[in-house]
There are 2 protein chains.
Amino acid sequence: MADKNAWLLKLKKEGAVSPRQSLAEEAADNLREFILLEKLAPGTPIPERDISAALGISRTPLREAMRLLVVEGLIEYSSTRRPKVADPSLEEIIQYIKVLAALEALGGGIACVEASFVEINDILALNELMASNKITDPLEFFRLDMQFHTLIVEASKNEPLIETHRQYNARLWRARFISSRRTKGRETTLNEHKAISEALIKRNVAGMENAMRAHLYTTIENISEAKTKENNHET
Amino acid sequence: MADKNAWLLKLKKEGAVSPRQSLAEEAADNLREFILLEKLAPGTPIPERDISAALGISRTPLREAMRLLVVEGLIEYSSTRRPKVADPSLEEIIQYIKVLAALEALGGGIACVEASFVEINDILALNELMASNKITDPLEFFRLDMQFHTLIVEASKNEPLIETHRQYNARLWRARFISSRRTKGRETTLNEHKAISEALIKRNVAGMENAMRAHLYTTIENISEAKTKENNHET
DNA sequence: AAATCACTTCTTTTATACCATATTAAAATA
DNA sequence: TATTTTAATATGGTATAAAAGAAGTGATTT
């Protein structure tokens, strides 16, 4: 028992060097990963005892972690207060994306003013990598796509915006991933990214905002299409 | 002991009729109120045991409540993990408002399409009440101002947007309240509300978005001014 | 006299035990 | 046989106790 504690302690100290991270925060990170990577499918019940045992922690920090994910929208409680992985409808997803579009338009606009040349170069490089034919794995392409958006918002240096954007991205991760597998719209994506990049280079705020919104509204179409096919398949 | 339980049970049932609310959620609501109403000033430490005793609950649900408020940005942890009421700098507040402006512009735009005539009438009535000289209490005027914004966003019927807007509003409540006491800009506020209302009546999306953004950027100026004066006073 | 180290105290963090409720399965009755 | 009721089990909610960590205080040493 003493050994186990020493081991846990060591892990903790190594894992979180800067601002010490609590078990709850670690658990939240783990759960978020699980949900995003579909190890926990939408609708999956999350019994506190089982999950806490699986993560090797007690229920107290796990419950706190789950509260975090509820606010982030990744976990929801049924009418009988049983927690499950959130399973948003297409309508809800579209609502999320509308907010996401506004956030990214804002972030992109600010980035046009605030982004350093280094940041812009990184973003351009990422885009060129995506445009080259080196990326064959769809999952890898999807990750780069997500990173493209994140980098732009981060370039705004608006912390609350970055955090809120991260939360909306997390809610939408799965839907976008599914849509990215189904749609063959790599060409479209690249064109829209190009438009965004050019607005960034020119530091053209209005152009950026329009390009961002257009890009996200394409996303809505793709997801709607993917979802509809999914449903037809099921029936 | 049995009596006490029965009593608590009754309270619980009465307090949360629809989706049964946990003590943590109740506590979060209470704490939020306290913070918004300045019963707990920014920077105030929040020792768990004292607060839980004051609220008459144990520390477990209180801790969960505090986690919620951390995500919402109303509570933050010091480097030594001691919780305190968040005390954002002027720069951070300005960043919040920029996001809030984007959210309200989006909400207003959607409301132009989605708002029912009843909803529009309610909003107009509220605005007229504010414009009449019946409201003398600055706090009351401020509440109505907040409600004006909330009603418009709610008219968008975009749930995640409404929730995120609520959170940003909560973070900004205090700053806006202070600014509302200091600035004599009732006239300006009313004019800008009028512009917003007219855009809503005409269901003019672009006009609404511009009016909303303009209104929020005025808010930035007011808060900056109030904050500067506050600091000068202190020195 | 100042500085440092150890010890005590206070606060957060985690675990565990208990309680109330919801779900289920089984049994009894119609 | 089907339906309803009841009992058992599993699950979330809450409280409390034990553990870990940080800060303050006092004593000792240089």
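We name chains A, B, ... by the order of the sequence lines, and we start the count at 1 in each one. Worth knowing before you read on, the calculation uses all heavy atoms, side chains too, and leaves out hydrogens, waters and symmetry mates.
- Not counting sequence neighbours, the partners of R174(A) by the side chain to side chain contact (heavy atoms under 4.5 Å, CB included) test are E38(A), P42(A), I178(A), E230(A).
- The side chain of R81(B) contributes an N or O atom lying less than 4.0 Å from OP1 or OP2 of dT13(C).
- Computed from coordinates, the E76(A) CD to dG12(D) C1' distance equals 17 Å when rounded to whole Å.
- A donor N or O paired with an acceptor N or O is found under 3.5 Å between the base of dT16(C) and the side-chain atoms of T60(A).
- Out of dT14(D), dA15(C), dT12(C), the shortest distance to the side chain of R59(B) is found at dT12(C).
- No N or O donor and acceptor, one from the side chain of T80(B) and one from the base of dA22(D), sit under 3.5 Å apart.
- For dT13(C), the OP1/OP2 oxygens have a side-chain nitrogen or oxygen of R63(B) closer than 4.0 Å.
- dA22(D) atom C1' lies 16 Å from atom NZ of K84(B), rounded to whole Å.
- Atoms CG (L23(A)) and C1' (dA15(C)) sit 11 Å apart, rounded to a whole Å.
- Between F177(B) and F142(B), the two ring planes are tilted [angle within 30° to 60°].
- For the residue pair Q95(A)/E91(A), the side-chain donor-acceptor check at 3.5 Å is not satisfied.
- Put simply, CG on L62(B) is 15 Å from C1' on dT16(D), counting in whole angstrom units.
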Listed pairs, N/O of protein and of nucleotides 9-11 of chain D, under 3.5 Å:
| from | atom 1 | to | atom 2 | distance (Å) |
| --- | --- | --- | --- | --- |
| dT11(D) | O4' | R82(A) | NH2 | 3.4 |

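- Rounding to whole angstrom units, OH of residue Y77(B) and P of dG21(D) are separated by 17 Å.
- Atom CD1 in I57(B) sits about 11 Å away from atom C1' in dA15(D), given to the nearest Å.
- Minimum heavy-atom separation, A65(B) to A27(B): CB-CB, 3.8 Å.
- Rounded to whole angstrom, the span from the CD atom of E64(B) across to the P atom of dA15(D) amounts to 11 Å.
- Using modelled atom types, one finds no donor on one side chain facing an acceptor on the other under 3.5 Å when comparing H149(B) with H165(B).
- N169(B) and R176(B) are linked by a side-chain donor-acceptor pair at a separation below 3.5 angstrom, with hydrogens and angles left out of the test.
- Within the structure, no pair that satisfies the side-chain hydrogen bond (donor to acceptor under 3.5 Å, both in side chains) test touches residues 105-114 of chain B, not counting sequence neighbours.
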